[in-house]
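First up is the structure itself, then whatever we jot down about it.
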Number of protein chains: 2
Amino acid sequence: MSPDESAVQDASLEADVFARNCGSRDVLQNLTSRWGLLALLALTEGDYRFNALRRRVDGVSERMLSQTLQTLERDGFVTRTVLHAIPPRVEYSLTDLGRAVAASVEGLIEQVEAAVPEVMSARQRYDDRSARD
Amino acid sequence: MSPDESAVQDASLEADVFARNCGSRDVLQNLTSRWGLLALLALTEGDYRFNALRRRVDGVSERMLSQTLQTLERDGFVTRTVLHAIPPRVEYSLTDLGRAVAASVEGLIEQVEAAVPEVMSARQRYDDRSARD
DNA sequence: CGGCATCCCCTAAGATACTG
DNA sequence: CAGTATCTTAGGGGATGCCG
């Protein structure tokens, strides 16, 4: 990479997600998009073929899964391997970078799942209070 | 909480984000929304007043910050404290639940920030390869 | 200062149909 | 099987203006 390209940001600053123009914002958005998180999490369980992944990530449409995987591949989190055969077979797997990030994602999601009951009761309290006003 | 309410999901299953109708999906979406992540992260640094938070989260509009904070409050991640004074003063802070989740978020974001250069070069490779076809 | 209400635009995302 | 192409709609999100 040429020095010119990396000069887009001040070299003295590490990537700062709070800054409007920091590239980390896009990366984070792609990653934490509705289906991005789930696709990444699913792939921590092992490689998946397109339709198997589609079944695993319940509710995702063909179009959105395709698009999500393309983005994840472009950002270097996922590898797409085409096996030329009939019927065609395409395998998706995590890159090393993907695995690293997926570990964090997994932790976050587990915590959120555990917190669901608490969140639900918090919502109820909030809505009850709002209804009184 | 009454047993009836928790029966919405099969009691033998823990919250499963892969299931289409699992409540964890909403919670996760609110949390990982564009501004939700950043607001939560900012509040790990300490309490913030509305406009201070708005300055910290560079680029967020009044409307979206307000909306985001309401959702976070409703879900029990954030506490909103109104101090009746002139000028009015409203403080936002994390709940215990919020602090716990924010820790995971922080880890994820740090990892993403560190990965930005690698992602950028991955994108370049991907785009170059696409351009050749 | 800390919002909510309104208007409006754009893209995220679903449904459907078709291709290699 | 593994996708693209096309169409359509819901809602995310910005700009502006008003209020306690």
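To find a chain, count down the sequence lines: A is the first, B the second, and so on, and within it residues start at 1. It should be emphasised that the depicted structure is a prediction, and the values quoted were computed from it without experimental measurement.
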Assess the residue pair B/R125 and B/D128 against the criterion (salt bridge (charged side-chain N to carboxylate O under 4.0 Å, His left out)); give the C-alpha distance rounded to whole Å, side-chain angles, the decisive distance to 0.1 Å, and a yes or no. CA-CA 5 Å; B/R125 261 173 295 153; B/D128 287 352; over 6 Å; no
Roughly how many Å is it from CD in A/Q67 to C1' in D/dT4, rounded to a whole number? 12 Å
Whole Å only: how far is the CZ atom of A/R63 from the C1' atom of C/dA12? 8 Å
Whole angstrom value for the distance that separates P of D/dG13 from CD of B/Q70: 15 Å
A/V119 versus B/F77: any side-chain heavy-atom pair under 4.5 Å? yes
Between A/I86 (CD1) and D/dC1 (C1'), how many Å, whole number? 11 Å
Comparing nearest nucleotides in DNA chain D, the 5'-proximal residue of the pair B/V60, A/E91 is A/E91
Using a heavy-atom cut-off of 4.0 Å across all strands, would you classify A/R80 as base, sugar-phosphate, or nothing? sugar-phosphate
In this structure, how many angstroms lie between the P atom of D/dG14 and the CG atom of B/D58, rounded? 12 Å
Contacts of A/S33 and A/P88 projected onto DNA chain C by closest heavy atom; the upstream (5') one is A/S33
Which nucleotide, C/dG3, D/dC1, C/dA17, lies nearest any side-chain atom of A/P87? D/dC1
Side chain of A/R34: nearest nucleotide among C/dA13, D/dA2, C/dG3? C/dA13
When you measure from the side-chain N and O atoms of B/Y92 to the phosphate of C/dG3, is any distance below 4.0 Å, counting only OP1 and OP2? yes
If hydrophobic clusters are built from ILVMFWY residues whose side chains come within less than 4.5 Å, do B/V105 and B/L97 share one? yes
Side chain of A/R49 only, please: which of D/dA2, C/dG2, D/dG3 is the nearest? D/dA2
Measure the distance from CG on B/L53 to C1' on C/dC1 and round it to the nearest whole Å. 14 Å
Side-chain heavy atoms of B/T44 within contact of B/L40, under 4.5 Å: no
Shortest side-chain distance from A/M64, nucleotide among C/dG14, C/dC4, D/dG14: C/dG14
So, do B/L31 and A/V112 sit near enough that their side-chain heavy atoms are less than 4.5 Å apart? yes
Expressed in angstrom and rounded to an integer, what is the separation of B/W35 atom CH2 from D/dG11 atom P? 21 Å
What's the closest nucleotide to the A/F50 side chain, out of C/dG3, D/dA2, D/dG20? D/dA2
Most 5' of B/L69 and B/Q29 on DNA chain C, judged by nearest nucleotide: B/L69
D/dA2 phosphate, OP1 or OP2, under 4.0 Å from A/S66 side-chain N/O: no
From the options C/dG3, C/dC1, D/dG14, select the nucleotide whose nearest atom is closest to the side chain of B/S61. D/dG14
Between B/R20 (CZ) and C/dG14 (C1'), how many Å, whole number? 12 Å
